[in-house]
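Notes for the one structure printed next.
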Amino acid sequence: MLTADIPPNQSIYIQNINEKINKEELKRSLYCLFSNFGRILDVIALKTPKLRGQAWVVFTEVTAASNAVRQMQNFPFYDKPMRIQYAKSKSDCVTKAEGTFVTREKKIKQEEKVERKRQAGESQQPNSYNGAATQNGRPVPSGQDTMPPNNILFIQNLPVETTSMMLQLLFKQYPGFKEIRMIEAKPGIAFVEYEDDVQSSIAMEALQGFKITPQNPMVVSFAKK
DNA sequence: AGCACA
C-alpha cells in the first residue's frame, strides 16, 4: 500500500519511532518538533503492543500536516528515521470539534459519561499541554516558523547586560546542553548548542519568551544552518 | 509492520 493512497488529513501518522522513549517525553518532543509547522491540537502516543513505535500529531490545518509529512520525512528522531503519512481517519479531537464524534463500539458502555461531557458544551478543548508554544491558541510570536530544526538555537532580544553565565544557568537545565556562544560585537543575541534537534526543541519550547528583565522576553529560534 | 484517541 503506497502512502500516496491516503488522502490528505490534518492528522499525521508517524511510525518507526524509537520504542525506548517514555510516552510523556515522546509526546513533548513530538509537540516541539512539529509545532514549527502550525498549531497542534493533540499528540497521541500509546505504548500498547500494537501501538508502540507510532504516534499521531493533529494539526488545525491540513496544509501544516502536508508540510510536516514532506519536510520531516525520515527526520532522525531519537536515532531512528521517522516514517510519516497522513492518518487514515479523523482524530477524535477533530470530530468532537465538528460535532460528528461517535463513540467506538467497545466504549458503548460508557455512553453516560459522554453525555455528561456533551453537556459541558465545550466547543473545542485544544492541546492538553501546559508549557506549550501557544497561549490562548495563538502561537507565541517568535519568528522561527520557517526555520528547519537545528541543534543550535538562536536567541534574540536579550538585555545587553546578559552574560553567558546567566544564559548557561537557564539553558543547562535541559538535557543535551553543550555550550553558549556570544559575540562581543553583537549584544542582545546568543547561540546555544545542544546535542541534537530534539533536545534543542525542548529547550526552545521551555524558554521561549523567558524574561531576564521585564522588558526582554527572549525570542528563541533555530539557528540558520 | 503495526491507524488511535487511557
Side-chain angles (χ1 to χ4, degrees), chain A residues 1-134 137 139 198 201-202 205:
Chain A
M1 174 76 70
L2 258 26
T3 86
D5 294 342
I6 303 164
N9 188 315
Q10 74 197 82
S11 303
I12 58 172
Y13 170 63
I14 306 162
Q15 55 194 154
N16 197 41
I17 297 173
N18 189 328
E19 296 175 11
K20 291 195 279 284
I21 310 308
N22 105 287
K23 195 170 71 180
E24 289 313 311
E25 176 183 344
L26 175 63
K27 288 167 94 176
R28 275 198 303 275
S29 299
L30 288 170
Y31 188 95
C32 294
L33 222 45
F34 283 99
S35 53
N36 296 302
F37 296 92
R39 188 164 148 236
I40 293 172
L41 290 177
D42 203 3
V43 177
I44 291 113
L46 298 285
K47 291 275 252 180
T48 60
K50 194 176 172 199
L51 291 171
R52 63 211 158 117
Q54 302 150 77
W56 289 260
V57 175
V58 187
F59 291 98
T60 54
E61 304 292 337
V62 180
T63 53
S66 301
N67 289 331
V69 170
R70 281 188 288 107
Q71 295 182 41
M72 296 302 278
Q73 199 61 256
N74 301 319
F75 178 88
F77 186 60
Y78 295 111
D79 304 319
K80 298 188 71 178
M82 290 187 180
R83 300 284 132 81
I84 313 176
Q85 304 166 43
Y86 293 114
K88 283 182 180 165
S89 57
K90 288 187 179 184
S91 301
D92 282 359
C93 67
V94 172
T95 55
K96 279 175 182 163
E98 290 176 350
T100 56
F101 176 73
V102 281
T103 319
R104 275 168 294 285
E105 301 69 33
K106 58 181 184 178
K107 299 219 165 173
I108 278 175
K109 289 287 162 66
Q110 296 171 14
E111 284 293 352
E112 305 80 16
K113 291 176 187 169
V114 173
E115 292 307 322
R116 163 154 54 77
K117 229 181 183 179
R118 194 164 292 152
Q119 281 174 354
E122 85 293 39
S123 59
Q124 189 176 30
Q125 204 65 268
N127 71 60
S128 50
Y129 290 85
N130 327 330
T134 54
V198 175
S201 295
I202 290 168
E205 195 71 24

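Below, chain A is the first sequence line, B the second, and so on; all start at residue 1. Note: hydrogens, waters and symmetry copies are ignored here, and every other heavy atom, side chains too, is used.
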For [X] and [N], give me the distance from atom [atom1] to atom [atom2], rounded to whole Å.
X     : N     : atom1 : atom2 : result
A/K23 : B/dA6 : NZ    : P     : 9 Å
A/M82 : B/dG2 : CE    : P     : 19 Å
A/I12 : B/dA4 : CD1   : C1'   : 14 Å
A/I14 : B/dC3 : CD1   : C1'   : 12 Å
A/I40 : B/dC5 : CD1   : P     : 20 Å
A/I17 : B/dA4 : CD1   : C1'   : 13 Å
A/K88 : B/dC5 : NZ    : C1'   : 16 Å
A/K80 : B/dA1 : NZ    : P     : 10 Å

Is the ring pair A/W56/A/Y13 parallel, tilted or perpendicular, if the boundaries are 30 and 60 degrees?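 Correct class here is tilted.
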
Is any N or O donor-acceptor pair between the side chain of [X] and the base of [N] shorter than 3.5 Å?
X     : N     : answer
A/Q15 : B/dC3 : no
A/W56 : B/dC3 : yes
A/T48 : B/dA6 : no

Where the side chain of A/R52 is defined as all heavy atoms beyond and including C-beta, which of B/dC5, B/dC3, B/dG2 is the nearest nucleotide?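 Between B/dC5, B/dC3, B/dG2, the one nearest the side chain of A/R52 would be B/dG2.
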
Closest to the A/E19 side chain: B/dC3, B/dA4, B/dA1? B/dA1

At what distance, to the nearest 0.5 angstrom, does NZ of A/K20 lie from OH of A/Y78? 12.5 Å

Within the 3.5 Å criterion, strictly below it, is a donor on A/K80 or A/N16 matched to an acceptor on the partner's side chain?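 Side chains of A/K80 and A/N16: pair found under 3.5 Å.
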
Hey, does A/K47 reach any base, or is it just sugar-phosphate, or nothing, if we go heavy atoms under 4.0 Å?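 Nothing: the residue A/K47, judged by heavy atoms under 4.0 Å, touches no strand.
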
What nucleic acid atoms does A/L46 come within less than 4.0 Å of, heavy atoms only: base, sugar-phosphate, or nothing? base

Heavy-atom pair with the smallest gap, counting every atom of A/V94 and A/K90: CG1-CD, 4.2 Å

Think A/K50 has a side-chain N or O under 4.0 angstrom from the OP1 or OP2 of B/dA4?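 For B/dA4, OP1 or OP2 has a side-chain N or O of A/K50 closer than 4.0 Å.
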
Would you mind checking if A/R28 and A/E205 are paired as a salt bridge, meaning a charged N to carboxylate O distance below 4.0 Å? no

